Amino acid sequence: MPPDAATPAVADHGEMSRTAGGWWPADAEELQDLQRRLGLLRPPPWHPGTSPHDLAAAAVVHDPDEGGRAWAGAVLVRGRRMLAAQAVAGAVHGPYLPTLRSARDGPLLVTALEALGRRPDVVLLAAAGRDHPRHAGLALHLGAVLGLPSIGLTDRPLSATGPVPGPVRGDTAALVLDGVEVARRVRTATGVRPVVAHAAWRTTGEVAAALLLAGTRGARTPWPLREARRLAREARGRG
DNA sequence: GCGACAG
DNA sequence: ATCTTGTCGC
C-alpha cells in the first residue's frame with residue numbers, strides 16, 4: 001500500500017498517539033487502553049458514492065496444531081471484478097483472547113492488505129467493529145491504523161443486542177450497544193440465518209449492511225471474504 | 001456441566 | 001478457528 005500506511009491516519013482524527021507497543025500492542029492492558037481511545041474517536045463518516053468503489057477483503061487462518069504460524073489472504077474487488085489477490089504467511093504471537101483479537105491477527109492482515117499494492121476505498125474483515133466492550137474491535141482498529149473506512153462481518157454480535165430481522169433477503173435489524181447502533185443483523189439471503197454487519201472505522205451499520213448485501217448474491221457471506229479466506233487456506237496448504 | 005465476548 | 005454431527009436443497 002502507499003507510503004502513508006506506515007503513518008496511520010488515526011493521528012489525524014483525534015488525540016491519538018501510539019503507545020509503547022505501537023499500533024498492535026502485545027500487552028493486554030496496553031491494547032485495552034488503545035481500544036478505549038480508538039473507541040472514543042469520531043472520524044468523519046464515509047459513504048460509498050455512486051461511482052464504483054474498490055473494496056478489499058482479508059482473512060486469516062491459523063496453524064491447526066498450534067505452532068504460531070498463520071496465513072492471510074486478501075483480495076481487491078470492484079463490483080464483480082477481481083482486481084488483485086495476494087496471500088502471505090507469517091508468525092502469530094499470543095493465543096486468541098476474546099475482545100483482544102487485533103493483537104493476534106491485526107499485523108498479518110495489514111501485511112496481506114498492503115501486498116495488494118493499491119489502497120481500496122473500504123476494507124471488509126470477518127471481525128467486529130464498534131460492537132465491542134471498548135467500542136474498538138479488530139475491524140475498527142485496522143481501519144483506523146490504515147486510515148481506510150472499514151466494515152466487519154461476524155456470525156453473531158459481540159456485545160450489542162437487538163432483534164432478528166425479517167425472513168427476506170435485505171431485511172435488517174439494528175444492534176445497539178450503550179444506546180447507539182453499532183451493527184445490524186442482515187438477512188443476506190431469504191431463508192438463511194442472518195449475519196452481523198459491523199459499523200467500524202468511518203462507517204455506519206447502514207453502510208455496512210449495504211456493502212454486505214452488495215457483495216452477496218446467493219450466498220450467505222460476501223464473495224470477496226470467501227475468496228480471501230480461500231487464498232489463505234490455499235497458502236497454508238502449500239506450507 | 002458448558003457456554004454466555006469476534007476467530 | 002476447527003471439528004463433528006445433523007439438515008437441507010439441488
Side-chain angles (χ1 to χ4, degrees), chain A residues 24 26 28-29 31-32 34-36 38-39 57-74 87 89-113 123-145 150-162 164 167 169 175-178 182-201 203 205 208 212 217-222 225-226 228-237:
Chain A
W24 308 106
E29 298 283 309
L31 174 56
Q32 287 171 348
L34 177 58
Q35 288 174 334
R36 273 185 284 268
L38 285 171
V60 47
V61 299
H62 296 87
D63 192 330
D65 31 68
E66 300 305 317
R69 290 189 305 164
W71 294 263
V92 98
H93 295 294
Y96 164 72
L97 297 172
T99 80
L100 300 175
R101 185 152 84 98
S102 52
R104 184 223 215 180
D105 295 341
L108 192 58
L109 286 167
V110 168
T111 300
L113 288 165
V123 179
L124 165 64
L125 301 168
R130 308 204 100 103
D131 172 16
H132 182 279
R134 292 168 293 283
H135 312 292
L138 171 58
L140 182 145
H141 189 151
L142 187 144
V145 169
S150 61
I151 62 172
L153 168 70
T154 66
D155 266 351
R156 52 182 185 277
L158 190 53
S159 304
T161 58
V164 171
R169 167 173 162 84
L175 285 164
V176 173
L177 177 62
D178 296 331
V182 294
R184 252 136 108 144
R185 286 195 147 104
V186 180
R187 193 78 66 174
T188 51
T190 301
V192 307
R193 176 168 40 103
V195 298
V196 179
H198 295 263
W201 186 246
T203 55
L212 226 55
R217 14 117 273 221
R220 190 172 84 103
T221 58
L225 202 48
R226 293 205 314 276
R229 186 168 277 137
R230 191 191 66 72
L231 287 165
R233 287 205 193 97
E234 186 178 83
R236 178 177 61 184

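Every value quoted in this text rests on a predicted model; they were computed, and no experiment measured them. Chain identifiers are assigned alphabetically (A, B, ...) following the order of the sequence lines, protein sequences preceding nucleic acid strands; residue numbering begins at 1 within each chain. All heavy atoms count here, side chains included; hydrogens, waters and symmetry mates do not.
Taking atom CG on Leu158(A) and atom P on dG7(B), their separation rounds to 9 Å, with Å as the unit. With rounding to whole Å, Leu109(A) atom CG is found 13 Å from dG7(B) atom P. For Leu31(A) and dC5(B), the CG to C1' distance is 14 Å, given to the nearest whole Å. The separation between Arg185(A) atom CZ and dA6(B) atom C1' is 14 Å, rounded to whole Å. Here the P atom of nucleotide dC3(C) and the NE2 atom of His62(A) are 14 Å apart, to the nearest Å. Straight-line distance from the CG atom of Leu97(A) to the P atom of dC5(B): 15 Å, rounded to whole Å. Atom CG of Asp131(A) is separated from atom P of dA6(B) by 10 Å (rounded to the nearest Å). The separation between Arg69(A) atom CZ and dG7(B) atom P is 23 Å, rounded to whole Å.
For dG7(B), the OP1/OP2 oxygens have no side-chain nitrogen or oxygen of Arg104(A) closer than 4.0 Å.
Ala126(A) comes within 4.0 angstrom of sugar-phosphate atoms only, judged by non-hydrogen atoms across all strands, and of no base. Here Thr154(A) lies in heavy-atom contact (under 4.0 Å) with sugar-phosphate atoms only. Heavy atoms of Leu138(A) sit under 4.0 angstrom from at least one base atom. Residue His198(A) is classed as having no contact, given no heavy-atom separation below 4.0 Å to the nucleic acid. At the heavy-atom level, Asp105(A) lies nowhere under 4.0 Å from the strands shown. Within 4.0 Å of Leu177(A), counting heavy atoms only, lies no atom of the nucleic acid at all.
For the P atoms, the distance from dC2(B) to dC3(C) is 23 Å, rounded to whole Å. Taking the P atoms as reference points, dT4(C) lies 27 Å from dG1(B), given to the whole Å.
Counting only distance, with no hydrogens or angles, the side chain of Asp131(A) and the backbone of Ala160(A) share a donor-acceptor pair below 3.5 Å. No donor-acceptor pair closer than 3.5 Å links the side chain of Arg184(A) to the backbone N or O of Ala208(A).
The side chain of Arg229(A) approaches dA1(C) more closely than any other nucleotide in the set dA1(C), dC5(B), dA6(B). Nearest nucleotide to the side chain of Arg236(A), out of dA6(B), dA1(C), dC5(B): dA1(C).
Taken to the nearest 0.5 Å, the CG atom of Leu177(A) stands 10.5 Å off from the NE2 atom of His132(A).
Look at Asp155(A) and Arg220(A) and you find a salt bridge, because one of the NZ, NE, NH1 or NH2 atoms lies within 4.0 Å of a carboxylate O, short of that distance.
Looking at Gln35(A) and Leu100(A), their side chains come closer than 4.5 Å, going by heavy atoms from C-beta outward.
For the pair Ala57(A) and Ala228(A), the tightest heavy-atom approach, listed with the atom from each and the gap, is O-CB, 3.6 Å. Closest non-hydrogen pair, Arg236(A) versus His62(A), comes out as NH1-O, 2.9 Å.
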Intra- and inter-strand pairing of DNA chain C, written as dot-bracket with Watson-Crick and G-U pairs under 3.5 Å and | for the latter, reads ..........
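Between Val60(A) and the options Thr111(A), Val92(A), Leu108(A), a side-chain contact (heavy atoms from CB on, under 4.5 Å) holds for only Leu108(A).
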